[in-house]
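First up is the structure itself, then whatever we jot down about it.
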There are 2 protein chains.
Amino acid sequence: MTAQRRVVAEVLDGEHVHLTADEVHARAVAKLPEISRATVYNTLGELVTLGEVLEVATDKRAKRYDPNAHQPHHHLVCARCGAIRDVHPTGNPLSDLPDSERFGFTVSDVEVTYRGVCPNCAAA
Amino acid sequence: MTAQRRVVAEVLDGEHVHLTADEVHARAVAKLPEISRATVYNTLGELVTLGEVLEVATDKRAKRYDPNAHQPHHHLVCARCGAIRDVHPTGNPLSDLPDSERFGFTVSDVEVTYRGVCPNCAAA
DNA sequence: GCTCGACTTGGATGAAGTCCAATATCTGGT
DNA sequence: ACCAGATATTGGACTTCATCCAAGTCGAGC
């Protein structure tokens with residue numbers, strides 16, 4: 001556990017939002033000016049493989065990192081401004097996929113992304 | 001309707017797969033050697049806004065283009081090789097999102113991505 | 001045939017991410 | 001405390017995917 005990794009962990013911990021790698025880097029630099037982008041990417045990658053952080057690719061721009069890895073949840077994304085909220089739908093979509101639709105795959109995970117317009121953008 | 005656009009449409013129509021923009025370009029070049037990447041991107045963008053083709057961002061690499069835009073469906077992705085199948089789960093995930101979890105959003109769409117390992121990769 | 005507008009081209013540019021060699025730091029063993 | 005090996009970090013080059021733009025081309029209507 002080095003200073004750099006601690007800083008990255010703190011950035012993700014302190015903010016319950018979905019930051020891009022560059023945003024993580026920007027906030028990490030604020031706390032530890034000499035930290036490099038490569039280290040941020042390395043550390044984020046390690047956190048992902050450790051299961052402490054989730055990668056989400058809700059738009060096709062930058063990946064975002066979700067520190068809320070321990071509670072299963074899905075995402076609700078504003079189509080206009082890109083805002084992301086965690087949501088907890090009822091039901092389990094895994095049980096909605098019959099064997100006949102699995103094509104022999106071993107299905108282990110499911111991601112659900114709801115899309116819509118947030119109240120702010122609807123008002124504007 | 002120019003020759004270039006017809007070629008792009010043919011590429012997507014002839015293949016019921018999920019091609020990246022570069023793959024579309026490669027196949028378009030096979031039919032019309034002087035077509036440029038920019039035109040492929042332009043045409044794909046137009047087809048997307050016309051609703052004839054869907055963009056899917058199942059991995060964080062290149063966007064893929066799905067010509068099966070008129071029948072609602074979701075995707076099953078192999079975590080190892082990236083293979084994509086269209087699937088049709090039962091149930092409607094939209095009805096699984098209670099009002100209390102919508103945060104005032106006007107929710108209009110939902111994407112479901114199942115992840116697993118395909119038979120080929122499981123055998124290897 | 002000419003003109004105007006739309007389409008296409010290829011190359012430059014940008015954004016996001018990865019890679020790598022050199023450097024720094026940490027750890028355990030003596 | 002010192003050394004050696006292992007591990008981590010750095011910064012910059014590089015890759016990939018995508019977009020932008022100025023210049024050139026094409027075609028329909030006059």
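Side chains included, hydrogens not; waters and symmetry mates left out as well; all remaining heavy atoms used. Residue numbers start from 1 in every chain, and the chains themselves are labelled A, B, ... in the order their sequence lines are given, proteins ahead of strands.
- When all heavy atoms are compared, the tightest approach of A:Y65 to A:V48 is CE2-CG2, 3.9 Å.
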Open item on the list: Within the 4.0 Å limit for protein heavy atoms, which parts of nucleotides 8-19 of chain C are touched? Write it as a string from 5' to 3', B for base, S for sugar-phosphate only, - for none.
Closed with: SBB-B--SSBBB
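- Under the rule for a salt bridge (Lys or Arg N to Asp or Glu O under 4.0 Å), the partners of B:E46 that lie at least two apart in sequence or sit in another chain are B:R5.
- Aromatic ring pairs are classed by plane angle as parallel below 30°, tilted from 30° to 60° and perpendicular above 60°; the pair B:H88 and B:H73 is tilted.
- Side-chain contact annotation: A:D86 with A:H18, donor-acceptor N/O pair under 3.5 Å present.
- Residue A:F105 comes nearest to B:C78 through the heavy atom pair CE2-N, 3.7 Å, listed as atom of the first residue, atom of the second, then distance.
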